[in-house]
Amino acid sequence: RARAEIADYVLVYRNTPLAVVEAKAWSKPCSEGVAQAKSYAHKLALRFAFATNGQRIYRMDMALGDEGEAAAFPSPEELWEQTYAAANAAAKAWRERFAAVPFEDKGGTWQGRYYQDIAIARVLEAVGAGRDRVLLTLATGTGKTFIAFQIAWKLFYGRWTTQGDGARRPRILFLADRNIL
């Protein structure tokens with residue numbers, strides 16, 4: 001309900017946001033945007049945040065609380081590996097599969113909100129880790145149908161099955177309690 005906050009850059013790799021970058025003017029110190037970058041990373045549930053003035057880079061690892069100046073930005077693959085280093089092999093394989101499937105966005109006209117993307121990512125992480133029950137609790141008007149559709153989309157096109165072989169697409173029953181749909 002307040003003014004929209006817009007991050008300068010969100011680093012996305014394999015259809016997954018991995019870090020946020022807050023850029024400040026050349027004449028300001030590179031640490032000028034640290035608080036802003038941390039705020040964006042917290043809201044977007046991202047592990048890494050960067051602040052820069054174009055000359056120097058300040059790196060923050062939100063999970064470890066480690067921060068300081070960096071010589072350069074990490075490559076997308078390095079950022080991916082650092083973000084998901086602790087995952088087991090089965091979860092890692094499914095994460096790769098789900099990341100390969102882009103969200104259905106109707107040609108860019110149907111974008112999810114940041115908290116919807118976070119909910120979808122957390123459900124897919126749980127599914128990839130082998131959990132067979134996941135509960136999402138969302139308020140009225142937060143886009144539960146959108147979230148459910150995107151989860152079904154990723155599971156369907158990622159060829160998720162309980163056997164884990166990916167040989168066929170799953171059957172999905174989607175029930176909605178609305179006459180309009």
Side-chain angles (χ1 to χ4, degrees), residues 1-87 91-92 94-129 136-139 141-144 146-147 150-151 153-154 158:
R1 302 195 185 216
R3 199 187 78 179
E5 294 180 355
I6 300 171
D8 289 333
Y9 300 96
V10 176
L11 305 180
V12 177
Y13 182 61
R14 296 183 183 169
N15 302 309
T16 306
L18 297 176
V20 65
V21 178
E22 181 59 32
K24 293 298 179 187
W26 185 272
S27 61
K28 297 192 182 221
C30 72
S31 60
E32 179 84 16
V34 167
Q36 213 172 344
K38 284 182 177 181
S39 174
Y40 293 144
H42 178 71
K43 288 178 182 175
L44 296 173
L46 300 176
R47 179 173 173 182
F48 295 102
F50 297 92
T52 184
N53 63 357
Q55 302 170 73
R56 296 182 9 227
I57 301 166
Y58 194 86
R59 177 184 186 270
M60 295 149 280
D61 184 334
M62 304 296 284
L64 300 178
D66 182 32
E67 59 183 76
E69 286 198 28
F73 286 104
S75 71
E77 192 60 41
E78 288 172 338
L79 207 52
W80 179 269
E81 289 300 321
Q82 290 172 6
T83 301
Y84 299 115
K92 197 170 191 176
W94 280 113
R95 180 179 302 107
E96 301 283 333
R97 247 188 153 140
F98 293 145
V101 178
F103 286 119
E104 170 54 34
D105 64 357
K106 289 186 178 179
T109 61
W110 200 32
Q111 296 294 319
R113 291 173 239 152
Y114 73 94
Y115 56 86
Q116 293 170 329
D117 294 340
I118 292 168
I120 294 163
R122 288 185 179 162
V123 168
L124 293 174
E125 281 292 317
V127 168
L136 286 177
T137 305
L138 296 151
T142 56
K144 292 179 286 296
F146 175 84
I147 291 169
Q150 294 296 349
I151 291 168
W153 179 270
K154 291 252 188 186

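Every value quoted in this text rests on a predicted model; they were computed, and no experiment measured them. All values below were derived from every heavy atom in this structure, side-chain atoms included, with hydrogens, water molecules and symmetry-related copies excluded.
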Does [X] reach the side chain of [Y], with side-chain heavy atoms less than 4.5 Å apart?
X	Y	value
N53	E32	no
Q150	D117	no
L79	Y13	no
L136	I151	yes
Y84	L18	yes
T16	W80	yes
D61	F48	yes

How far apart are the closest heavy atoms of [X] and [Y], and which atoms are they?
X	Y	result
V10	P17	CG1-CB, 3.8 Å
I120	F146	CD1-CE2, 4.4 Å
A49	K38	CB-N, 4.4 Å

Can you pull the salt bridge (charged side-chain N to carboxylate O under 4.0 Å, His left out) pairs that have at least one residue in residues 69-79, sequence neighbours excluded?
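Residue pairs passing salt bridge (charged side-chain N to carboxylate O under 4.0 Å, His left out), neighbours aside: R14-E77, R56-E69.
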Sorted by first residue and then second, give each ring pair (Phe, Tyr, Trp, His ring centres under 6.0 Å) pair with at least one member in residues 24-45; sequence neighbours left out.
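Passing the test, one end in residues 24-45: no pairs.
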Would you say R122 has more than 12 foreign heavy atoms packed within less than 6.0 Å of its CZ?
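No, because the 6.0 Å sphere around CZ of R122 holds 12 heavy atoms or fewer from other groups.
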Reported CG-to-CG distance for the pair L46 and L11, which is rounded to 0.5 angstrom:
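Between L46 CG and L11 CG, I get 9.0 Å after rounding to 0.5 Å.
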